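This structure is a prediction, so every number in the text was calculated from the model and none was measured.
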Amino acid sequence: MSAYEPNSRHLREVLIFCFNMKKSASKAHRMLSNTYGEAAISEKTCREWFQPFKNGDFDVEDQHGGGREKVFEEAELEALLDQDSCQTQQKLSGSLGVTQQAISKRMNVMGMTQKQGNWVPYELKPRDVERRLFACE
């Protein structure tokens with residue numbers, strides 16, 4: 001077998017060929033498996049890709065339908081917090097177009113926690129420690 005590794009676009013094009021040859025999804029899967037071995041897609045994926053062909057959609061480009069969520073920068077999140085440090089994770093996630101879990105994870109990475117409705121660092125900065133010491137004295 002050659003060193004060629006088919007990509008998803010190539011495999012979809014091959015599946016369109018099989019579809020036009022009136023092959024079933026399982027037959028197309030067998031053909032792909034015989035040709036590409038481990039690099040072939042599963043029979044379930046073949047069936048899923050055959051479905052749009054039956055509906056007349058022969059687009060072979062990858063469609064983003066889930067998977068990895070939108071990546072956002074800490075700077076974007078920090079800018080939102082600078083505007084209003086009282087925002088909830090729900091509100092922040094809506095503003096950035098990501099999940100609430102993504103905001104929660106990023107806040108933990110940034111070392112931020114919500115205290116009395118405001119986002120503050122977990123660890124105090126040295127000047128904040130000094131202020132507290134002076135206030136206690």
Side-chain angles (χ1 to χ4, degrees):
M1 191 165 111
S2 71
Y4 175 72
E5 286 284 327
N7 59 30
S8 60
R9 180 187 172 99
H10 172 81
L11 292 173
R12 282 193 191 102
E13 289 169 347
V14 171
L15 287 178
I16 289 173
F17 174 77
C18 292
F19 179 80
N20 287 329
M21 294 291 295
K22 306 289 188 229
K23 304 289 184 198
S24 67
S26 61
K27 179 70 174 167
H29 175 259
R30 279 192 294 275
M31 291 169 64
L32 288 174
S33 295
N34 291 339
T35 306
Y36 296 116
E38 293 294 318
I41 55 178
S42 69
E43 185 174 342
K44 180 181 179 205
T45 303
C46 284
R47 278 187 263 123
E48 289 172 354
W49 286 358
F50 258 58
Q51 194 58 45
F53 303 159
K54 292 176 184 174
N55 297 329
D57 180 11
F58 295 99
D59 185 19
V60 293
E61 296 299 322
D62 286 329
Q63 302 295 320
H64 184 71
R68 190 170 172 178
E69 61 192 37
K70 178 187 175 227
V71 178
F72 64 98
E73 299 293 324
E74 276 184 20
E76 295 175 84
L77 183 56
E78 287 174 354
L80 286 174
L81 290 174
D82 287 343
Q83 290 174 3
D84 181 11
S85 66
C86 298
Q87 295 183 65
T88 64
Q89 288 183 6
Q90 302 298 117
K91 205 173 204 182
L92 291 167
S93 66
S95 298
L96 293 171
V98 297
T99 63
Q100 183 267 326
Q101 290 83 4
I103 297 292
S104 178
K105 287 178 188 175
R106 189 58 61 96
M107 293 302 252
N108 284 336
V109 168
M110 291 171 57
M112 302 291 282
T113 186
Q114 198 168 30
K115 301 274 183 175
Q116 297 180 351
N118 289 315
W119 288 101
V120 294
Y122 284 127
E123 306 267 333
L124 291 176
K125 295 178 183 169
R127 71 170 193 262
D128 294 327
V129 172
E130 286 181 30
R131 285 185 195 154
R132 287 192 180 187
L133 286 173
F134 289 128
C136 290
E137 291 176 349

> Minimum heavy-atom separation for F53 to F58, with atom names?
Replying inline: O-CZ, 3.6 Å
Tabulate below the donor-acceptor pairs under 3.5 Å that side-chain atoms of residues 127-137 make, not counting sequence neighbours, or state none.
residue: D128; atom: OD1; partner: R131; partner atom: NH1; Å: 3.3

> Within a strict 4.5 Å, meaning less than it, do heavy atoms of the L77 and M107 side chains meet?
Replying inline: yes
> Considering only heavy atoms from C-beta outward, does the side chain of V109 approach that of K105 to under 4.5 Å?
Replying inline: no
Distance-only donor-acceptor hits, side chain of residues 25-32, under 3.5 Å, sequence neighbours excluded:
residue: S26; atom: OG; partner: S24; partner atom: OG; Å: 3.2
residue: H29; atom: NE2; partner: S33; partner atom: OG; Å: 3.4
residue: H29; atom: NE2; partner: I41; partner atom: O; Å: 3.2
residue: H29; atom: NE2; partner: E43; partner atom: N; Å: 3.4

>> For N7, give me all partners under side chain to side chain donor-acceptor pair (under 3.5 Å), at least two apart in sequence or on another chain.
In response: none
> What residues form a side chain to side chain donor-acceptor pair (under 3.5 Å) with T45, not counting sequence neighbours?
Replying inline: S42
>> Checking E48 now: which residues fulfil salt bridge (charged side-chain N to carboxylate O under 4.0 Å, His left out) with it, not counting sequence neighbours?
In response: K44
Interatomic spacing from [atom1] in [X] to [atom2] in [Y] - rounded to 0.5 Å:
X: M112; Y: S104; atom1: CE; atom2: OG; answer: 13.0 Å
X: Q101; Y: I103; atom1: CD; atom2: CD1; answer: 10.0 Å
X: L80; Y: L96; atom1: CG; atom2: CG; answer: 5.0 Å
X: L81; Y: M110; atom1: CG; atom2: CE; answer: 6.0 Å
X: L15; Y: K23; atom1: CG; atom2: NZ; answer: 13.0 Å
X: W49; Y: C18; atom1: CH2; atom2: SG; answer: 12.5 Å

> Do the side chain of S93 and the main chain of Q89 share a donor and acceptor less than 3.5 angstrom apart?
Replying inline: yes
> Is D57 reaching over with its side chain to a backbone N or O of D59, donor-acceptor style, under 3.5 angstrom?
Replying inline: yes
>> Using a 4.5 Å cut-off between side-chain heavy atoms of Ile, Leu, Val, Met, Phe, Trp and Tyr, which other residues end up in the same hydrophobic cluster as F17?
In response: M21
Going by the rule side-chain contact (heavy atoms from CB on, under 4.5 Å), which residues pair with [X] if we only count those two or more places apart in sequence or in a different chain?
X: P6; result: Y4, H10, L11, Y36, A39
X: N20; result: I16
X: Q114; result: W119

> Tell me, which pairs form a side chain to side chain donor-acceptor pair (under 3.5 Å) where one or both residues lie in residues 77-87, sequence neighbours left out?
Replying inline: S85-N118
